[in-house]
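Right, one structure below, let's go through it.
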Amino acid sequence: MTTRKAAVLVAGSWGTALASVLADNEYDVRLWTRNAEQAAEINQLHTNNRFLPGITLPEGIRATNDIADAVMGAELVLFAATSASMREVAGKAAPYMTPETLIVHATKGFEVGTLKRMTTVLAEELPVDPKRLVVLSGPSHAEEVVKRQPTTVVVASESLEAAEHAQDALITPFFRVYTNPDVVGVEVAGAIKNIIALGAGLTDGLGFGDNAKAALLTRGLSEITRLGMAMGANPLTFSGLAGVGDLIVTGTSKLSRNWRAGSMLAEGLALQDVLDRMGMVVEGVRTTKAAHELSRTYGVVMPITEQLYKVLFEGKQPIKAAEDLMGRLRKHEMEDIASP
């Protein structure tokens with residue numbers, strides 16, 4: 001039997017967890033990192049303790065800091081870079097791909113400045129047919145995936161064939177994968193839910209109760225849906241794994257970086273201090289800036305996003321942001337969900 005090769009870029013917590021899933025499916029996995037010491041640790045000790053402490057990785061993973069070594073000959077290349085670095089990483093990988101390479105990305109965010117979705121960024125940088133691009137999303141903490149705890153996600157592509165190829169590559173007895181044709185909806189849901197999770201962390205950090213968090217998550221889902229529909233998404237996507245499923249896990253769990261960052265902000269820490277303490281990328285911060293611009297571009301009212309933007313970038317006090325959300329003009333619930 002010929003061993004199939006897959007490349008995973010980069011070796012953060014999510015990339016490492018997905019590399020483990022591919023290794024469990026008997027792929028020969030090349031996990032790319034810029035850091036030679038991290039590559040040596042993964043290869044010699046089968047650990048990645050900075051991102052997934054205490055976890056032993058499958059032996060089917062070999063790390064490398066040579067992107068050509070990682071990508072050349074891979075039938076599947078999975079991008080788990082941050083939204084800010086996606087274009088750079090894709091540009092480095094592009095010379096070693098063929099038009100037949102299946103591309104999967106698992107990044108939840110927009111490119112700040114251009115406001116582009118990650119599939120758009122990849123289509124611009126890679127020598128592949130856009131129908132070979134797949135996005136993976138859904139409720140999936142890396143810390144649980146790498147422990148083989150039951151997880152269910154969705155893969156979306158313009159091509160059913162590409163989506164099913166990714167589904168076959170990733171599905172295992174503990175990692176269930178559904179397909180969905182709505183690329184825009186899956187990407188918008190995955191990105192914007194990080195903003196709402198920041199807000200959920202704020203409500204918990206301020207000492208508000210379950211009522212407040214339930215309201216925030218529900219109204220946050222309305223914001224996600226409104227923006228997604230304005231961008232051309234299918235509204236049904238937001239009631240699925242990429243929408244409400246991911247929103248629940250990210251907005252209620254202490255494993256969520258965005259929730260933890262929001263909780264720290266509620267304690268009075270400055271944004272830069274929060275980011276320094278986290279030591280890892282908090283996608284919701286960048287996404288808040290992008291979504292703030294997108295709401296104006298598409299004429300969509302996003303009050304939670306607006307208030308979080310003011311907290312993050314204009315120095316507004318979290319408690320005042322909460323008061324202003326509660327004091328908004330009266331609305332009809334269904335009208336507010338469906339209209340801009």
Side-chain angles (χ1 to χ4, degrees), residues 7-10 14-15 18 71 76-138 153-163 165-166 179-195 223-235 237-238 242-243 246 281 283-300 302 305:
V8 178
L9 321 173
V10 298
W14 192 210
L18 290 171
V71 174
L76 183 156
V77 178
L78 193 154
F79 287 85
T82 65
S83 60
S85 64
M86 182 66 84
R87 190 177 292 276
E88 175 206 353
V89 173
K92 289 179 182 293
Y96 311 107
M97 293 185 183
T98 70
E100 291 74 36
T101 307
L102 181 70
I103 308 298
V104 180
H105 90 77
T107 299
K108 298 170 181 177
F110 298 101
E111 185 176 51
V112 174
T114 69
L115 306 181
K116 291 177 179 178
R117 296 177 289 108
M118 292 298 102
T119 50
T120 304
V121 172
L122 291 171
E124 291 176 352
E125 294 294 326
L126 301 178
V128 298
D129 185 332
K131 291 185 177 180
R132 300 293 291 166
L133 296 175
V134 181
V135 53
L136 181 153
S137 196
V153 298
V154 61
V155 288
S157 175
E158 294 178 14
S159 162
L160 178 59
E161 179 185 0
H165 186 171
T179 61
N180 186 325
D182 184 12
V183 176
V184 173
V186 169
E187 288 190 299
V188 170
I192 304 299
K193 61 87 188 176
N194 284 329
I195 302 174
E223 290 194 17
I224 294 169
T225 303
R226 285 199 298 274
L227 181 62
M229 290 174 65
M231 294 177 70
N234 182 337
T237 296
F238 304 109
D246 206 4
V281 171
E283 284 284 6
V285 173
R286 292 190 184 114
T287 304
T288 300
K289 185 174 289 186
H292 184 257
E293 294 182 44
L294 284 167
S295 69
R296 282 153 175 71
T297 299
Y298 287 94
V300 175
M302 300 179 70
T305 299

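These numbers come from a predicted model, not from an experiment. We use all heavy atoms of the structure for the numbers below, so side chains are in, but hydrogens, waters and symmetry mates are not.
Rounding to the nearest 0.5 Å gives a distance of 9.5 Å between CE of Met86 and OG1 of Thr119. Residue His105 holds its NE2 atom at 11.0 Å from CG of Leu126, rounded to the nearest 0.5 Å. In this structure, OG1 on Thr305 lies 10.0 Å from CG on Leu294, to the nearest 0.5 angstrom. Asp129 contributes atom CG, which lies 11.5 Å from atom OG1 of Thr101 (distance to the nearest 0.5 angstrom). Atom-to-atom distance recorded for Thr107:OG1 and Leu122:CG is 8.0 Å, nearest 0.5 angstrom. The CD atom of Glu283 sits 9.0 Å away from atom NZ of Lys193, with the distance rounded to the nearest 0.5 Å.
No side-chain heavy atom of Lys92 sits under 4.5 Å from any side-chain heavy atom of Leu9. Counting only heavy atoms from C-beta outward, the side chains of Lys131 and Glu161 never approach each other to under 4.5 Å. Using a 4.5 Å cut-off on side-chain heavy atoms (C-beta onward), Arg226 and Glu223 make contact. Between Ser83 and Met118 there is a side-chain heavy-atom pair separated by less than 4.5 Å. No side-chain heavy atom of Phe238 sits less than 4.5 Å from a side-chain heavy atom of Leu227. Put simply, the side chain of Phe110 does not reach to within 4.5 Å of the side chain of Lys116, judged on heavy atoms. Residues Ile103 and Met97 are in side-chain contact: their nearest non-hydrogen atoms beyond the backbone lie under 4.5 Å apart. Within the 4.5 Å cutoff, the side chain of Ile195 has no heavy atoms near those of the Met302 side chain.
Across all their heavy atoms, Gly243 and Ala189 have their closest contact at CA-CB, 4.0 Å. Minimum heavy-atom separation, Leu78 to Ala106: CD2-CB, 4.4 Å. Here the closest heavy-atom approach between residue Val300 and residue Ala230 is recorded as CG2-CB, 3.7 Å. The two residues Val112 and Arg286 have their closest heavy-atom pair at CG2-O, 3.7 Å. Closest approach of Val186 and Ser137 over heavy atoms only: CG1-CB, 3.6 Å. Closest approach of Ala242 to Val154, counting heavy atoms only: CB-CG1, 3.9 Å.
Formation of a donor-acceptor pair under 3.5 Å by the Thr82 side chain with backbone atoms of Ser85 is found in this model. Thr225 contributes no side-chain N or O that, together with a main-chain N or O of Pro235, makes up a donor-acceptor pair within less than 3.5 Å. Although no hydrogens or angles enter the test, the distance criterion places no donor-acceptor pair under 3.5 Å between the side chain of Glu111 and the main chain of Val121. Distance alone, capped at 3.5 Å, is enough to place a donor-acceptor pair between the Ser157 side chain and the Leu133 backbone. A donor-acceptor pair under 3.5 Å is formed between the side chain of Lys108 and the backbone N or O of Gly138.
Remark: Arg87 engages Glu124 in a salt bridge, criterion side-chain N to carboxylate O under 4.0 Å.
Each of Val8, Val134, Leu18 was evaluated against Val104; a single residue qualifies, Val134, per the side chain to side chain contact (heavy atoms under 4.5 Å, CB included) test.
Donor-acceptor pairing under 3.5 Å is lacking for the side chains of Thr287 and Asn194.
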